[in-house]
Amino acid sequence: MATSTEAIPLARPERSAIWSWIVSTNHKSIGLNYIISGVIFFALGGFEALLLRIQLAQPNNTLLSADAFNQLFTMHGTTMVFLFAMPMLIGFGNYLVPLMIGARDMVFPRLNALSYWLFLAGGLLMYSSFLLGGAPDAGWFAYAPMTITNYSPTHGMDFWALGILLTGISSTAGAINFIVSILNLRAPGMTMLKMPLFVWQMLVTAFLILFAMPSLAVDSILLFIERNFGAPIFLAASGGDPILWQHLFWFFGHPEVYILILPAFGMISEVIPVFSRKPIFGYAAIVFSGIAIGFLGFTVWAHHMFAVGMSPVADAVFSVDSMIIAVPTSIKIFNWIATMWGGSIEFKTPMLWAIGFIFLFTIGGVTGVVLANAGVDVVLQDTYYVVAHFHYVLSLGAVFAIFAGWYFWFPKITGYMYNETLGKLHFWWTFVGVNITFFPMHFLGLAGMPRRYADYPNAFAGWNYVSSIGAFIAGTAVIVFLVVMAEAFIKKRKAGDNPWGVGATTLEWTVSSPPPFHCFNELPRIQ
Ligand code: CU1
């Protein structure tokens with residue numbers, strides 16, 4: 001059993017760079033592996049989105065066949081959820097949690113490395129399907145009967161089922177690592193209620209992964225068996241139950257939303273106080289509302305299924321639960337605003353992303369409460385209103401938080417300072433682009449445009465055109481981002497141990513930038 005005091009062998013000098021990278025078990029290299037892979041998958045998923053938006057820019061477009069369109073939106077969603085957002089947040093968690101709790105590494109470094117390589121294998125497996133007969137094409141939530149061979153004749157959905165299984169094993173192993181590390185490796189004096197808020201949210205997230213992932217694993221194994229061995233599981237025509245798939249999927253799928261957003265909440269909770277020059281308002285409220293979200297997150301899954309015809313009692317229960325979960329979420333938003341209130345706010349790049357996050361996430365949260373009404377949801381189900389809603393929550397919410405965290409910890413991780421003006425340009429460029437892309441989707445949804453169609457009648461042309469222009473602006477923001485990064489690595493401005501000053505009180509700011517291999521020569525003591 002490895003403990004924090006046991007020496008971890010250093011990379012031997014005779015190892016080639018590539019081999020020591022492959023066999024590294026250091027949490028910082030693994031964290032960076034996750035983050036860099038996440039960025040690459042983000043680019044792929046973004047490129048897929050751009051192709052979809054070109055196809056939808058005007059009616060009767062023939063850029064993509066209906067088949068190609070199905071594959072691209074399936075892989076766009078799958079990529080953004082499983083191959084970008086999750087690994088990105090797990091990567092930041094890997095890099096930061098040991099530093100923040102005053103440990104030298106995660107508790108199971110080899111398991112940690114295994115998690116990363118399983119995730120990468122899952123991602124590559126799913127992407128290899130593009131070259132091996134056709135990509136998954138039944139949507140990222142893979143409803144029966146769309147997944148059945150009659151509708152999805154290529155092996156795409158088999159690649160999907162196995163790829164999802166691998167990434168699920170990866171994140172479950174990672175979750176165990178986070179839980180055991182956080183519970184056992186904290187520096188002397190760091191009680192649970194002295195842990196940084198990011199660590200708290202990672203802990204709750206890890207429990208969510210642990211309890212949600214098995215449901216998806218069962219689902220994808222059953223799907224694989226049904227597709228390849230003809231077992232009657234989800235296909236009604238052969239005596240299976242398509243609703244069973246939905247229950248198992250969303251019992252994972254809704255907690256997954258919080259798996260993506262709680263670490264984001266954690267990042268925001270670290271950034272806001274530093275740039276408000278005030279301690280966080282209501283630390284305990286943020287901790288306990290995070291735990292409440294964790295529990296409630298498991299009680300709302302069937303709000304994705306109002307249209308399947310559940311009993312009125314079930315509809316009512318899941319409607320009310322879904323509205324209740326807005327309460328702990330609003331508590332956090334209240335706490336962040338109260339932290340900023342009366343502070344001397346510095347609008348540095350991380351802070352801009354954090355404020356952008358609060359603004360966009362709140363819009364997504366409000367449309368979420370609208371959709372939580374079973375009666376309203378039946379009308380809006382599978383329209384662009386839903387697409388707008390979850391993109392505001394995730395692709396704007398979680399992504400903005402990730403960029404807040406990115407700019408906040410970039411100086412710590414690389415040792416270099418980015419250029420503030422360029423960073424702000426990146427923020428505003430993205431902010432304008434994504435709002436032009438996603439806000440019109442509310443109108444399209446209210447007008448009744450269904451999602452996942454490769455074409456539409458002329459009546460929907462106006463807002464679709466606007467949305468596609470927005471997608472191009474948001475797409476070019478990636479170039480601005482690359483410029484910011486390139487500039488920082490060329491200019492090599494030294495960031496110092498703590499570029500943010502007195503407000504940055506968590507332990508990672510007490511070590512050098514980038515942090516030493518084993519983080520701490522002596523375990524820190526917390527007063
Ligand atoms: Cu949900």
Side-chain angles (χ1 to χ4, degrees), residues 77-78 80-82 85-86 89 139-143 164 168 171 201 204-205 207-209 211-216 219 243-265 289-310 314-330 332-333 360-399 401 438 441-442 445 451-452:
T78 304
M80 289 311 201
V81 171
F82 294 101
M86 260 178 109
L89 294 160
W140 85 275
F141 46 73
Y143 276 3
I164 289 295
S171 47
Q201 308 300 324
V204 178
T205 302
F207 275 106
L208 289 180
I209 292 176
F211 292 114
M213 280 295 166
S215 180
L216 181 65
D219 233 8
I243 309 302
L244 174 65
W245 168 272
Q246 297 192 21
H247 277 297
L248 284 170
F249 186 87
W250 290 115
F251 189 77
F252 144 80
H254 192 88
E256 172 69 13
V257 175
Y258 295 102
I259 289 168
L260 300 178
I261 210 68
L262 284 173
F265 286 170
S289 62
I291 297 172
I293 290 174
F295 278 105
L296 289 170
F298 280 102
T299 68
V300 300
W301 76 91
H303 65 200
H304 297 265
M305 301 165 55
F306 288 138
V308 304
M310 297 183 297
D315 278 2
V317 168
F318 283 103
S319 280
V320 170
D321 271 3
S322 306
M323 289 179 208
I324 289 176
I325 206 165
V327 175
T329 313
S330 317
K332 287 190 195 300
I333 291 177
L360 299 169
F361 182 81
T362 304
I363 295 179
V366 168
T367 54
V369 177
V370 173
L371 290 168
N373 291 275
V376 179
D377 183 78
V378 169
V379 180
L380 293 174
Q381 164 90 14
D382 276 343
T383 69
Y384 266 81
Y385 193 86
V386 177
V387 179
H389 156 67
F390 68 74
H391 279 91
Y392 266 86
V393 175
L394 292 178
S395 93
L396 313 191
V399 170
F438 293 111
M441 291 185 184
H442 293 108
R451 66 195 284 200
R452 297 185 168 173

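Being a predicted model, the structure only gives us computed values, none of them experimental. Worth knowing before you read on, the calculation uses all heavy atoms, side chains too, and leaves out hydrogens, waters and symmetry mates. Remember, it's 1-based here, ligands and their atoms both numbered in the order they're listed.
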Taking the side chain as every heavy atom from C-beta outward, state whether Tyr258 and His254 have any atom pair closer than 4.5 Å. yes
Does the structure place the NZ or CZ of Arg452 under 6.0 Å from the centre of the six-membered ring of Phe141, at an angle of no more than 45° from the ring's axis? yes
Donor-acceptor pairs are to be reported for all side-chain atoms of residues 377-388 against protein atoms at under 3.5 Å, with residues two or more places apart or in another chain.
from: Thr383; atom 1: OG1; to: Leu380; atom 2: O; distance (Å): 2.7
from: Thr383; atom 1: OG1; to: Tyr385; atom 2: N; distance (Å): 3.1

Counting the benzene-type ring for Trp, do Phe318 and Trp301 have ring centres under 6.0 Å apart? yes
Ile291: side chain to side chain contact (heavy atoms under 4.5 Å, CB included) partners, not counting sequence neighbours: Trp200, Val204, Val287, Phe288, Phe295
Polar protein atoms near the Cu ion (ligand 1) [N, O or S; cut-off under 2.8 Å]: His254 ND1, His303 NE2, His304 NE2
Any residue meeting side chain to side chain contact (heavy atoms under 4.5 Å, CB included) with Val399, in chain and number order, not counting sequence neighbours: Phe42, Phe84, Phe403
